[in-house]
Amino acid sequence: MSNILEITDFKAPELDVYARLSEGELLNRHEPEKGIFIAESPKVIERALDAGCVPISLLLETKHIEGQAKDVIARCGDIPVYTAPFDVLTKLTGFKLTRGVLCAMHRPVLPSAACVCEGARRVAVLENVMNPTNVGAIFRCAAALGIDAVLLTPACSNPLYRRAIRVSMGTVFQIPWTFLGTENANQPPADLQVLKSLGFKIAAMALNDDSISIADPRLASEEKLAIVLGTEGDGLADCTIGGCDYTIRIPMSHGVDSLNVAAASAVAFWQLGNH
């Protein structure tokens with residue numbers, strides 16, 4: 001049975017993960033094996049547990065102990081469950097807990113890109129997508145629209161940042177993903193060689209003069225296809241585009257030249273994903 005602990009001291013060090021540590025500190029780049037992430041809401045926590053993530057502690061409204069968090073508490077075993085009324089938790093965390101439950105969990109060890117892509121037919125590659133809201137939205141689109149795996153360059157926002165997890169509705173725990181390469185300034189923004197070695201054709205989403213429509217039948221006929229999406233402002237690096245087999249675009253009207261990267265991912269995944 002979990003250890004239910006009523007919060008009496010805001011400054012208790014065991015609450016730092018919820019109230020005082022930044023996303024960078026939780027990530028713990030220097031000792032990634034000690035990294036932590038925060039999952040929010042019972043549904044998202046359930047998806048993280050289903051994926052094998054290991055819980056450290058829970059923070060929740062008192063009323064949820066026998067309410068919507070009851071099943072989560074039962075699944076988490078004998079871990080600390082810190083509890084307080086809604087207004088106390090709001091003061092502690094600095095924001096309103098819309099679903100009343102947070103869970104601190106150990107970050108899983110990331111697999112290799114080859115492992116993530118094993119058996120995949122459709123893969124998304126994110127190059128330097130730095131907004132966690134966009135990353136979360138892209139994962140949700142990928143899960144819903146037939147994408148088998150997601151690869152990210154090191155400059156991307158981490159999918160296990162709290163906002164990314166929340167926006168994705170926990171689909172970051174359902175879609176296999178990992179980072180490409182290492183944080184090396186001399187590397188190309190997106191190292192696509194591993195995908196080529198696995199037999200993928202690669203399609204870069206870019207507004208170039210030689211771009212073809214995402215409706216081009218050659219794309220859908222590819223046995224293995226990777227769709228590369230670029231950073232919110234500058235798009236894909238020229239060297240990335242040059243290393244791809246196709247350059248594709250979404251046909252636009254009314255003089256609109258592009259969509260937000262998350263919206264563009266939804267259109268592309270619907271057109272090119274496994275359906």
With sequence neighbours left out, which residue pairs that include part of residues 262-275 fulfil the salt bridge (charged side-chain N to carboxylate O under 4.0 Å, His left out) condition? none
Shortest non-hydrogen contact from Val17 to Arg162? O-NH2, 4.2 Å
So, using side chain to side chain donor-acceptor pair (under 3.5 Å) as the criterion, who are the partners of Arg249 when residues are at least two apart? none
Value rounded to 0.5 Å, distance of SG in Cys156 from CG in Asn131: 11.0 Å
Supply the atom-to-atom distance Ile45 CD1 to Met105 CE, rounded to the nearest 0.5 angstrom. 7.0 Å
Which residue pairs satisfy the salt bridge (charged side-chain N to carboxylate O under 4.0 Å, His left out) criterion with at least one member in residues 107-124, sequence neighbours excluded? Arg121-Glu223
Listed by chain and number, what are the side-chain contact (heavy atoms from CB on, under 4.5 Å) partners of Asp50, not counting sequence neighbours? Arg75
Just wondering, do Asp71 and Pro42 contact through their side chains at under 4.5 Å, heavy atoms? no
Starting at CE of Met205, measure out to CD1 of Ile214 and round the result to the nearest 0.5 Å. 6.0 Å
Judged by atom type as modelled, is there a donor-acceptor pair below 3.5 Å linking the side chain of Lys201 to the main-chain atoms of Glu222? no
When you compare the side chain of Leu272 with that of Ile248, does any pair of heavy atoms fall below 4.5 Å? yes
Heavy-atom donor-acceptor pair, Asn208 side chain to Asp210 backbone, under 3.5 Å: no
Residues 169-180 side chain polar contacts: donor-acceptor under 3.5 Å, at least two apart:
from: Thr171; atom 1: OG1; to: Arg140; atom 2: N; distance (Å): 3.4
from: Thr171; atom 1: OG1; to: Ser168; atom 2: O; distance (Å): 2.8
from: Trp177; atom 1: NE1; to: Val172; atom 2: O; distance (Å): 3.1
from: Thr178; atom 1: OG1; to: Pro111; atom 2: O; distance (Å): 2.7

Is the shortest heavy-atom distance from the side chain of Leu151 to the side chain of Cys117 under 4.5 Å? yes
Looking only at heavy atoms, the pair that brings Ile165 and Phe37 closest together is CD1-CD1, 3.6 Å
Indicate yes or no: at least one non-hydrogen side-chain atom of Val228 is less than 4.5 angstrom from one of Ile202. yes
Taking every non-hydrogen atom, the tightest pair across Val44 and Ala39: CG1-CB, 4.1 Å
For the residue pair Cys76 and Val72, establish whether any side-chain heavy-atom pair is separated by less than 4.5 Å. yes
In short, Ala155 meets Asn128 closest at the heavy-atom pair CB-OD1, 3.3 Å
Give the cluster check for Leu229 versus Ile212: same hydrophobic cluster or not, with ILVMFWY residues linked at side-chain heavy-atom distances below 4.5 Å. yes
Output the distance between atom CD (Glu14) and atom CD1 (Ile7), rounded to the nearest 0.5 Å. 9.0 Å
Keeping Ser112 on the side-chain end and Cys115 on the backbone end, is there a donor-acceptor pair under 3.5 Å? yes
pair Glu46-Lys43: side-chain heavy atoms closer than 4.5 Å: no
Correct closest heavy-atom pair for Leu219 and Leu225 would be O-CD2, 3.9 Å
Do Glu127 and Thr240 have side-chain atoms, one donor and one acceptor, less than 3.5 Å apart? yes
Consider only side-chain heavy atoms of I, L, V, M, F, W and Y, link residues closer than 4.5 Å, and tell whether Leu110 and Phe139 are in one cluster. yes
Are Met130 and Leu27 connected in a single hydrophobic cluster, I mean Ile/Leu/Val/Met/Phe/Trp/Tyr linked by side-chain heavy atoms less than 4.5 Å apart? no
Kindly compute the distance separating CG (Leu58) from CG (Leu102), expressed to the nearest 0.5 Å. 9.0 Å
Verdict with reasoning, Leu60 to Ile73, per side chain to side chain contact (heavy atoms under 4.5 Å, CB included): CA-CA 10 Å; Leu60 51 89; Ile73 293 172; 4.0 Å; yes
Does the side chain of Leu49 come within less than 4.5 Å of Pro55's, by heavy atoms? yes
More than 12 foreign heavy atoms under 6.0 Å from NZ of Lys196: is that the case here? yes
If you take all heavy atoms of Ala137 and Val167, which pair is closest and at what distance? N-CG1, 3.5 Å
Verify the cluster assignment for Trp270 and Ile138: are they in a single hydrophobic cluster under the rule of side-chain heavy atoms below 4.5 Å apart? yes
Out of curiosity, Leu5 CG to Leu59 CG, how far, rounded to the nearest 0.5 Å? 11.0 Å
Can any side-chain N or O of Asn274 pair as donor or acceptor with the backbone N or O of Gly146 at less than 3.5 Å? yes
Going hydrophobic residue to hydrophobic residue with side-chain gaps under 4.5 angstrom, can you get from Val101 over to Tyr161? no
Scan the side chains in residues 250-268 for donor-acceptor partners under 3.5 Å anywhere in the protein, sequence neighbours excluded, and list what turns up.
from: Asn260; atom 1: OD1; to: Ala262; atom 2: N; distance (Å): 2.7
from: Asn260; atom 1: OD1; to: Ala263; atom 2: N; distance (Å): 3.3
from: Asn260; atom 1: ND2; to: Asn134; atom 2: OD1; distance (Å): 3.3
from: Ser265; atom 1: OG; to: Ala262; atom 2: O; distance (Å): 2.6

Under 3.5 Å, is there a donor-acceptor pair between the side chain of Glu31 and the main chain of Asn28? no
Going by heavy atoms in the side chains, are Ile56 and His106 under 4.5 Å from each other? yes
